[in-house]
Each structure stands twice: as structure tokens, then as C-alpha cells.
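Some notes on the structure that comes next.
Below, each value reflects all heavy atoms present in this structure, side chains not excepted, and no hydrogens, waters or symmetry copies. We count residues from 1, following the sequence as given. As the structure lists them, so they are numbered: ligands from 1, and atoms in each ligand from 1.
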Amino acid sequence: MHVLVVYASKMGGTEGIALQVRDAFVDRGLTADIAAVEDARSLDGYDAVVIGSGLYATHWRRSARRFVRRNVEALQAIPVWFFSSGPLDPSAAEHNIPPVGQVRSLMDRVGSRGHATFGGRLPADAKGFPASAMAKELSGDWRDAEQIRGWADEIVDELTLLTTGSPASPASPR
Ligand SMILES: Cc1cc2nc3c(=O)[nH]c(=O)nc-3n(C[C@H](O)[C@H](O)[C@H](O)COP(=O)(O)O)c2cc1C
């Protein structure tokens with residue numbers, strides 16, 4: 001099983017989540033690659049794809065939206081999951097936050113099997129406006145490693161069931 005995790009990240013927070021998802025897949029025995037959307041050229045050879053983006057003004061980054069549009073047909077042919085990263089508070093770890101409308105539309109176009117919203121990260125020394133102004137009040141890291149790992153585990157379970165018809169063996173203790 002060969003899986004690709006692609007991400008759009010401006011300040012590095014979403015890239016960190018993508019790395020955690022990739023590592024969780026590898027721990028469960030999948031072959032998993034990771035790439036920024038700008039570098040992911042072809043989906044040939046992949047059995048499933050996870051696509052994530054940071055949220056900016058309630059939108060995915062344009063590069064992530066373009067990636068989905070550019071690859072609609074390839075994505076329709078394999079299982080796909082989306083994730084968003086944004087909230088600068090504990091809300092994303094406390095309850096399920098649905099995708100923003102634009103992401104919901106992209107999910108419908110490719111038949112995405114699921115979505116998760118994870119907390120975001122805003123560095124105290126964020127550069128540029130309005131990030132630097134926001135950082136005076138809102139800096140912090142709200143990414144929850146357990147939530148991310150749990151979601152990745154669910155994907156492995158679903159993929160295993162899809163491809164073998166049998167449940168996966170339990171995740172090894174961490
Ligand atoms: C200008 C700006 C706008 C943002 N807008 C949103 C938003 O609409 N919704 C949200 O949940 N988070 C929002 N955030 C928080 C970011 O999504 C969060 O910092 C995220 O981790 C950034 O991802 P990145 O580090 O991969 O670029 C915003 C942050 C900035 C700096």
C-alpha cells in the first residue's frame with residue numbers, strides 16, 4: 001500500500017501535521033511519501049492520498065485548491081482524505097469541526113472519504129501583516145499529536161478494510 005501525504009503550508013504548522021500523519025502510516029506498515037503541493041507532480045502509483053492545508057481567512061491555501069483541481073480525475077480513482085489546520089485554541093481537539101464550504105465542495109468533487117480539522121500554530125515571531133499583528137494575541141501551538149495519530153490510524157483501518165476485506169491488526173502500543 002503506497003500512500004502520498006501532500007500539504008500546503010505557509011508557516012510550517014501544516015507541514016508538521018503532514019509529517020506526523022506520514023510517520024503514523026509508516027509505523028503501521030504502509031509505504032508513505034510526503035510532498036508539498038507545489039512539488040507533487042504525479043499521483044501515478046499511489047493507492048491513496050491525504051491532502052492538507054492551513055486555513056487563511058476561512059480558505060485553504062490557493063496552491064492546495066489548485067492541486068485538487070489539477071488532479072481531479074486521478075483523485076476520483078483512489079481513496080482520498082482531506083485535513084485542515086487552523087484554530088488557534090483548543091476547539092479542534094475538543095470537538096469535530098466540519099470543513100469550510102469551499103473544502104466541502106472540493107471533497108464532493110473527488111469523492112473524498114473524510115476530513116479532519118486540527119488545531120493550528122502561530123509562531124510568536126510570525127512575519128508580515130496580518131500574521132505579526134495576530135501573533136501579539138494569539139501565538140501558540142494547538143496541534144494535538146494524539147488527535148493527529150488517532151485520525152491517521154482510522155485511515156489505515158479503513159484502507160485495510162477496503163483492500164483486504166478484513167480489519168487491520170491493532171496498532172502497536174506507543
Ligand atoms: C492571516 C491569518 C489568517 C488566518 N485565518 C484563519 C481562519 O480563517 N481559520 C482558522 O481556523 N485559522 C486561521 N488562521 C490560523 C492558521 O490557519 C494557523 O496559524 C495554521 O497553523 C497555519 O498553517 P501553516 O503554518 O501551515 O501555514 C489564520 C492565520 C493567519 C496568520
Which residue and non-hydrogen atom of the protein lie closest to [atom], and at what distance in Å?
{"atom": "atom 7 (C) of ligand 1", "answer": "T58 N, 3.7 Å"}
{"atom": "atom 19 (O) of ligand 1", "answer": "R121 O, 2.8 Å"}
{"atom": "atom 29 (C) of ligand 1", "answer": "M134 CE, 3.6 Å"}
{"atom": "atom 1 (C) of ligand 1", "answer": "P130 CG, 3.5 Å"}
{"atom": "atom 22 (C) of ligand 1", "answer": "Y56 OH, 3.4 Å"}

One pair to check against salt bridge (Lys or Arg N to Asp or Glu O under 4.0 Å): D153 and R28. What are the steps and the verdict? CA-CA 8 Å; D153 277 341; R28 291 285 302 275; 3.1 Å; yes

Would [X] count as being in polar contact with ligand 1, using the rule that some N or O on each side must be under 3.5 angstrom apart?
{"X": "G120", "answer": "no"}
{"X": "S9", "answer": "yes"}
{"X": "G12", "answer": "yes"}
{"X": "G13", "answer": "yes"}
{"X": "K10", "answer": "yes"}

Per-atom contacts of ligand 1 with M11, taking only distances under 4.0 Å to non-hydrogen atoms: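 Taking each heavy atom of M11 in turn, ligand 1 has 19 (O), 22 (C), 24 (P), 25 (O), 27 (O) under 4.0 Å.
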
Within the 4.0 Å heavy-atom shell around A57, which atoms of ligand 1 are there?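 In order of number, 3 (C), 4 (C), 5 (N), 6 (C), 7 (C), 8 (O).
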
Does the R61 side chain pair with the main chain of L55, one donor and one acceptor, at a distance under 3.5 Å?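 Not at all, since once roles are kept as given, no pair shorter than 3.5 Å links the two residues.
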
Greater than 12 external heavy atoms within 6.0 Å of R70's CZ: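 Yes, CZ of R70 has more than 12 neighbouring heavy atoms, counting only those of other groups under 6.0 Å.
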
Taking the minimum heavy-atom distance to atom 10 (C) of ligand 1, which of G16, S84, G86 ranks first?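 When every heavy atom of G16, S84, G86 is considered, G86 comes closest to atom 10 (C) of ligand 1.
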
Heavy atoms only: which of T14, D89, L55, I17 is nearest to atom 4 (C) of ligand 1?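 Result: the heavy atom closest to atom 4 (C) of ligand 1 is in L55.
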
Can you see which heavy atom on S85 is nearest to which on T14, and at what distance?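 Minimum heavy-atom contact is CB-OG1, 3.9 Å.
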
Testing the basics here: between M11 and A131, what is the closest heavy-atom pair and its distance to 0.1 Å?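 Scanning both residues completely, I find the closest heavy atoms to be SD-CB, 4.5 Å.
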
Any salt bridge linking R149 with D23? Criterion: basic side-chain nitrogen under 4.0 Å from a carboxylate oxygen.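 A salt bridge is absent here (no side-chain N lies under 4.0 Å from a carboxylate O).
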
Side chain or backbone of A131 under 4.0 Å from ligand 1, or both, or neither, by non-hydrogen atoms?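 Both backbone and side chain of A131 come within 4.0 Å of ligand 1.
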
Just by distance, with hydrogens left out, do W81 and S112 show a side-chain donor and acceptor under 3.5 Å apart?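 Looking only at side-chain atoms, S112 and W81 do not form any donor-acceptor pair under 3.5 Å.
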
To the closest 0.5 Å, what do you measure between CZ (F82) and CD1 (I51)?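 So the CZ of F82 and the CD1 of I51 are separated by 4.5 Å.
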
Which residue pairs satisfy the salt bridge (Lys or Arg N to Asp or Glu O under 4.0 Å) criterion with at least one member in residues 89-111, sequence neighbours excluded?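 Qualifying pairs: R104-D108.
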
